[in-house]
Amino acid sequence: MWTSAYDHIHKKWRPEWREAHGGPFIMDNGLEVRFMKGCGYSKNMSPRRFLDHWLCGRDFLRQASDLPAPDAVVASIPDHLTADALVKFARRARTAAIVDVRDKWPDIFIDYAQQPMLRAMVRLALLSERRRAARTLGDADAIVGMMGSMVEWGLERAGRPSGEEDRVFYLTTAEKNFGEAPVPDIDPASDAAAAIQATEGRIVFSFTGTFNRTQHPLILLDALDILKKRNDPALDRASFIIGGGGVDADRVRTRAAKHENVALAGWLKSNEMAAILRASDVGLLLMNFPSPAFNNKAFSYLASGIPIINCATGDLADLLTENEAGMNVRGGDALGLAEAISKLTLDDALRTRMRGNIRVAYDRFFDRDANYIDYAKHIERVIAMR
């Protein structure tokens with residue numbers, strides 16, 4: 001496994017990279033991890049981030065040239081710069097190349113630009129990078145993705161029709177967290193345990209994730225302000241847990257203190273997040289603007305068998321609509337979010353029906369072990385085809 005020496009979430013160099021002293025890091029399960037060295041960056045939306053990824057790709061090519069060629073390369077987008085380096089390596093080594101599309105890089109940056117003039121400027125600035133991504137996808141033997149729209153975008157950029165080697169895999173690290181699955185064990189003195197206890201006996205809506213410009217719990221607090229102003233009866237029955245941290249965390253803390261039915265859980269370990277979602281009735285996928293991203297946290301909500309109030313468009317929105325497993329709200333629409341919260345709080349039958357539907361959908365589409373086994377077999381099929 002190859003990964004960046006720089007931790008994207010915490011914006012610091014990985015301790016495992018320092019420990020490895022330029023060599024591989026061996027995980028407890030025997031997996032060998034090698035690191036690509038860039039320059040680091042402080043802002044996700046910045047030219048320095050592009051430079052970091054370009055340097056990582058160059059470092060990968062330098063290191064990989066001295067190593068035995070693998071049977072296949074699986075390169076993820078994002079980011080397209082390291083993916084480009086991996087596919088170049090695969091072509092030189094005459095080995096199979098699979099590109100796993102998880103976001104529309106770099107096209108996603110065009111979507112961030114809301115004004116037409118700014119959008120045109122960003123599109124022009126990214127012209128060479130979009131060509132790089134198109135070349136990478138076009139040179140791949142197979143394109144896979146975590147949702148249909150990602151595979152379709154990849155094929156469109158590659159300039160070819162879909163083939164049997166191009167597949168959708170709903171890959172998630174979230175274990176099943178409902179039914180007969182064991183209840184997650186957490187420290188009773190943790191903030192997560194305190195949040196669960198504070199909301200016990202009420203209908204619990206939970207947001208878990210990193211606070212950033214794309215997804216943020218401030219929109220939830222905007223919605224609660226609306227419900228509070230109109231004395232909505234849902235506030236007498238509902239409680240809300242916000243887990244995570246990041247951009248504007250202080251503002252979240254200040255505004256949450258004004259709502260007695262909001263509990264903050266802070267940064268969450270995986271078992272703490274699972275425990276919160278196990279105690280929740282509805283998951284909140286909060287986004288500041290419409291985006292087709294199938295957010296990783298959506299998989300955690302699905303694995304916990306709870307309905308989702310979803311602000312994303314695309315495959316996730318379609319899944320929830322087709323299976324009546326949640327409610328879709330336009331990204332950034334605090335009023336729409338308030339209406340959805342009120343409806344799911346006050347309509348017990350609807351909430352119960354959605355919970356049953358989402359659990360059926362999880363077992364049908366999102367079983368982690370079955371999907372990863374299928375993915376591994378598909379990689380072997382692509383190797384055999386080549």
Side-chain angles (χ1 to χ4, degrees), residues 1-8 17 33-41 43-112 122-147 149-160 162-163 165-167 169 171 293 375 378-379 382-383 386:
M1 177 180 175
W2 292 81
T3 190
S4 172
Y6 192 70
D7 187 325
H8 170 73
W17 168 69
V33 182
R34 290 182 176 269
F35 299 96
M36 302 175 285
K37 176 69 164 56
C39 60
Y41 51 93
K43 295 182 179 180
N44 291 345
M45 301 278 287
S46 65
R48 188 175 175 90
R49 183 180 180 185
F50 273 73
L51 175 61
D52 175 87
H53 297 336
W54 181 80
L55 290 171
C56 282
R58 187 177 69 169
D59 190 42
F60 164 78
L61 289 173
R62 179 187 62 81
Q63 294 186 61
S65 63
D66 295 329
L67 298 172
D71 295 307
V73 164
V74 181
S76 294
I77 295 181
D79 67 280
H80 70 295
L81 291 149
T82 54
D84 179 52
L86 265 71
V87 173
K88 279 182 178 177
F89 169 81
R91 293 284 73 86
R92 295 171 188 171
R94 299 181 181 275
T95 191
I98 300 165
V99 174
D100 189 340
V101 182
R102 299 196 152 245
D103 217 336
K104 300 176 181 180
W105 261 60
D107 289 5
I108 188 71
F109 293 97
I110 300 171
D111 296 337
Y112 284 138
V122 174
R123 184 183 294 274
L124 180 62
L126 291 175
L127 182 60
S128 63
E129 295 306 320
R130 296 182 74 222
R131 287 174 176 167
R132 188 198 304 268
R135 181 185 67 229
T136 300
L137 290 159
D139 286 346
D141 295 295
I143 296 173
V144 300
M146 59 193 296
M147 53 184 172
S149 59
M150 292 298 165
V151 175
E152 291 169 7
W153 173 84
L155 290 169
E156 179 184 353
R157 300 297 290 134
R160 66 172 179 81
S162 177
E165 67 278 12
D166 307 308
R167 287 274 308 277
F169 294 95
L171 299 182
Y375 188 39
H378 185 68
I379 292 172
V382 174
I383 293 170
R386 180 167 178 80

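Bear in mind that the values here come from a model prediction, so they are computed numbers and not experimental data.
Within the 4.5 Å cutoff, the side chain of Leu55 has no heavy atoms near those of the Lys37 side chain. Counting only heavy atoms from C-beta outward, the side chains of Ile379 and Val74 approach each other to under 4.5 Å. Side-chain contact check for Trp153 versus Leu137: some heavy-atom pair is nearer than 4.5 Å. Met146 is not listed as a side-chain neighbour of Phe169, based on a closest heavy-atom distance of 4.5 Å or more. Residues Asp84 and His80 form no side-chain contact, since every pair of their non-hydrogen atoms from C-beta on lies 4.5 Å or further apart. Contact check for Met36 versus Thr82: side-chain heavy atoms found under the 4.5 Å cut-off. Under the 4.5 Å side-chain criterion, counting only non-hydrogen atoms from C-beta, Arg135 is not in contact with Val87. Between Val33 and Thr3, some side-chain heavy-atom pair lies under the 4.5 Å cut-off.
Atom CZ of Arg131 is surrounded by 12 or fewer heavy atoms from other residues, nucleotides or ligands within 6.0 Å.
Atoms CG and NZ, on Asp139 and Lys88 in that order, are 9.5 Å from each other to the nearest 0.5 Å. With values rounded to the nearest 0.5 angstrom, His378 atom NE2 is found 6.0 Å from Ile98 atom CD1. Atom SG of residue Cys39 and atom CZ of residue Phe50 lie 12.5 Å apart, to the nearest 0.5 angstrom. In this structure, CE in Met150 is found 13.0 Å from CG in Leu155, a value given to the nearest 0.5 Å. How far CG of Leu86 is from CZ of Arg91: 11.5 Å, rounded to the nearest 0.5 Å. Atom-to-atom distance recorded for Arg58:CZ and Gln63:CD is 12.0 Å, nearest 0.5 angstrom.
What you find for Ala158 and Ile143 is that their closest heavy atoms are CB-CD1, 4.0 Å. Taking each heavy atom of Phe35 and Ser4 in turn, the nearest pair found is CD2-O, 3.9 Å. Contact record, Val382 with Ala96: CG1-CB, 4.3 Å, taken as the closest heavy-atom pair. The shortest non-hydrogen separation linking Phe60 to Ala85 is CE2-O, 3.9 Å.
Applying side chain to side chain contact (heavy atoms under 4.5 Å, CB included) to Arg157 and the options Val101, Ile77, Asp107 leaves one that passes, Asp107. Results of the side chain to side chain donor-acceptor pair (under 3.5 Å) test with Arg386 over Thr95, Asp141, Asp71 single out Asp141 as the only residue that passes.
Under the 3.5 Å distance criterion, the side-chain polar atoms of Asp79 are matched with a main-chain donor or acceptor of Leu81. No donor-acceptor pair under 3.5 Å is formed between the side chain of Arg62 and the backbone N or O of Asp66. Under a 3.5 Å cut-off, the side chain of Asp100 and the backbone N or O of Ala75 do not form any donor-acceptor pair.
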_What verdict does the ring pair (Phe, Tyr, Trp, His ring centres under 6.0 Å) test give for His53 and Tyr6, after you've listed the backbone C-alpha separation in whole Å, the side-chain angles of each residue and the deciding distance to 0.1 Å?_
CA-CA 10 Å; His53 297 336; Tyr6 192 70; 9.3 Å; no
*Go through the steps to decide whether Phe89 and Trp2 satisfy the test ring pair (Phe, Tyr, Trp, His ring centres under 6.0 Å), and finish with yes or no.*
CA-CA 13 Å; Phe89 169 81; Trp2 292 81; 8.3 Å; no
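Residues Arg49 and Glu129 are not paired through a salt bridge, judged by the lack of any N-O separation under 4.0 Å between the basic side chain and the carboxylate.
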